[in-house]
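Lettering follows sequence order; numbering is per chain, from 1.
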Protein chains: 2
Amino acid sequence: MTVIFETIRSKKGETMQPLTNAPRPRGRPRGFKIDQALDAAVHVFWQEGYNGASIDRLCRETEMPRASLYQEYGGKEGLFLAAIAHYVETRLGPVAQSLGPVGTLEEDLTAFFEAVVTLATLDSRTPGCLISCVLAEVAGANGTFRQELKTRFAALEDRIAQRLEHDGIGVEPKDQTALAGMLAAIARGIMLRARSGASSADLHPIAEAAVQCAIARGR
Amino acid sequence: MTVIFETIRSKKGETMQPLTNAPRPRGRPRGFKIDQALDAAVHVFWQEGYNGASIDRLCRETEMPRASLYQEYGGKEGLFLAAIAHYVETRLGPVAQSLGPVGTLEEDLTAFFEAVVTLATLDSRTPGCLISCVLAEVAGANGTFRQELKTRFAALEDRIAQRLEHDGIGVEPKDQTALAGMLAAIARGIMLRARSGASSADLHPIAEAAVQCAIARGR
DNA sequence: ATTTTTTAAGAATGATCATTCTGTATATTG
DNA sequence: CAATATACAGAATGATCATTCTTAAAAAAT
């Protein structure tokens with residue numbers, strides 16, 4: 001009986017290889033799916049924090065053998081960074097994507113903050129944001145993580161600034177950057193409030209206020 | 001030789017007792033100062049995070065004997081909560097106090113956000129905010145800490161709402177609450193950006209934008 | 001079939017963790 | 001000077017931590 005393999009060996013789950021003619025690698029095949037494993041790792045870190053997440057628990061939930069974890073990611077730090085990247089691809093990416101531009105600035109910002117609130121409150125076991133609530137803590141004592149946080153933060157601010165620029169907000173670039181930074185700060189503040197147990201209904205008024213402030217600025 | 005004692009036995013360093021006539025307690029006197037110890041504990045937790053701060057290090061930096069730490073605070077969790085309270089009294093309190101009212105709303109909000117930026121960037125070893133960056137992380141897995149976070153967050157929002165009310169901002173209470181929530185979110189977003197290494201100069205434009213948004217709303 | 005290559009399962013390791021315990025020092029009280 | 005009470009210093013404890021190592025399993029290659 002011939003078995004069709006789902007994935008080909010590749011570091012990430014980036015692009016699925018065609019299912020046919022896949023040259024199966026040499027040794028024993030993996031018993032775990034990288035994407036599922038990273039999903040699970042994201043979940044554990046998101047819930048327990050970096051130092052609170054033990055390798056034991058990570059191995060159990062990712063269904064990854066200890067040896068494979070160290071082989072693939074070099075250790076806990078590497079797995080965490082991989083989980084962050086996976087989180088950005090699968091969770092934060094779509095949120096940023098909702099900025100469009102697809103509609104008016106007001107519509108797009110509303111969609112964006114809506115997505116922020118939803119992400120932060122969707123699962124009560126993982127409130128808030130992996131980056132704003134977990135990576136931010138360990139950034140205090142770990143230079144690698146601090147740099148990672150800086151990069152991730154900059155990416156969102158650039159994305160927002162780009163959307164503002166599309167509508168010609170902020171004649172002076174300085175104002176535009178400041179406004180984008182402020183909107184990003186609000187998004188992160190919403191994530192933090194969600195971490196304290198705030199519901200979607202609690203956060204919606206804040207999101208609305210943010211949108212009103214932004215478009216008032218554009219006029 | 002008669003020695004004048006600095007402090008009287010009391011759980012906190014709330015109010016210094018008069019230096020005379022202090023009935024010295026029975027046994028061996030303490031070899032550490034509670035206020036200094038809490039300052040040190042705040043520093044360690046702020047830098048290393050909750051799980052990253054070991055009892056060993058906490059004892060060393062607070063100059064508190066292990067036994068005294070457990071006697072006084074019951075354990076790491078109790079010490080952390082005491083450190084949070086001390087942080088609120090000594091650090092966050094003055095920041096909230098700068099809201100006044102002492103000047104115009106614009107002046108007071110400017111002073112407030114100025115104080116936020118300063119607190120978050122003053123010491124590069126402790127960037128950000130103990131509550132927004134450290135307590136928020138452990139709130140994910142610990143119900144006690146989540147409740148504490150909720151309470152501390154609510155306190156700041158109430159304080160901001162109170163200041164807005166003083167100027168008659170937000171005819172509808174709903175708008176006022178939302179605006180206060182948004183301003184608090186910005187303050188926390190600023191704390192987070194500081195955690196990534198942002199300087200005071202990086203954060204000032206965001207603070208200014210926040211003030212402009214708020215007073216534009218009031219008009 | 002044998003060899004080669006990769007993964008799996010989990011024991012082993014040594015460090016570090018939070019907490020408790022033991023004995024001693026330093027004070028007041030009687 | 002006892003007796004009592006509190007704090008100290010640090011050893012002891014047992015759990016848990018991240019990481020490494022050992023051995024077996026599962027595949028392709030020869």
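With sequence neighbours excluded, the residues forming a side chain to side chain contact (heavy atoms under 4.5 Å, CB included) with B:A187 are B:F112, B:F113, B:V116, listed by chain and number. In this structure, the salt bridge (charged side-chain N to carboxylate O under 4.0 Å, His left out) partners of B:E61, at least two apart in sequence or on a different chain, are B:R57.
Rounded to whole angstrom, the span from the OH atom of A:Y50 across to the C1' atom of D:dA18 amounts to 9 Å. Residue B:D56 contributes atom CG, which lies 12 Å from atom P of C:dT19 at whole-angstrom precision. With rounding to whole Å, A:E77 atom CD is found 14 Å from D:dT19 atom C1'. For B:Y73 and C:dT19, the OH to P distance is 15 Å, given to the nearest whole Å. Atom CD of B:E72 and atom C1' of D:dT6 are 11 Å apart (whole Å). Counting to the nearest Å, the C1' atom of C:dT7 and the CG atom of A:L69 are 14 Å from each other. D:dA18 atom P lies 11 Å from atom CG of B:N51, rounded to whole Å. The interatomic distance linking A:R26 (CZ) with D:dA25 (C1') rounds to 16 Å, in whole Å.
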Shorter than 3.5 Å, N or O on both sides, protein versus nucleotides 8-15 of chain D: list them out with atom names.
residue, atom, partner, partner atom, Å
D:dC8, OP1, B:G31, N, 2.5
D:dC8, OP2, B:S68, OG, 2.2

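Pairs engaging residues 128-148 of chain A under the salt bridge (charged side-chain N to carboxylate O under 4.0 Å, His left out) rule: A:E148-A:R152 [sequence neighbours left out]. Applying the salt bridge (charged side-chain N to carboxylate O under 4.0 Å, His left out) test to every pair with at least one member in residues 115-134 of chain A, sequence neighbours left out, gives these pairs: A:D123-A:R125.
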Show me the donor-acceptor pairs, under 3.5 Å and distance only, between side chains in residues 38-45 of chain B and residues at least two apart or in other chains.
residue, atom, partner, partner atom, Å
B:D39, OD1, B:H86, NE2, 2.6

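For the pair A:A115 and A:S98, the tightest heavy-atom approach, listed with the atom from each and the gap, is CB-OG, 3.9 Å.
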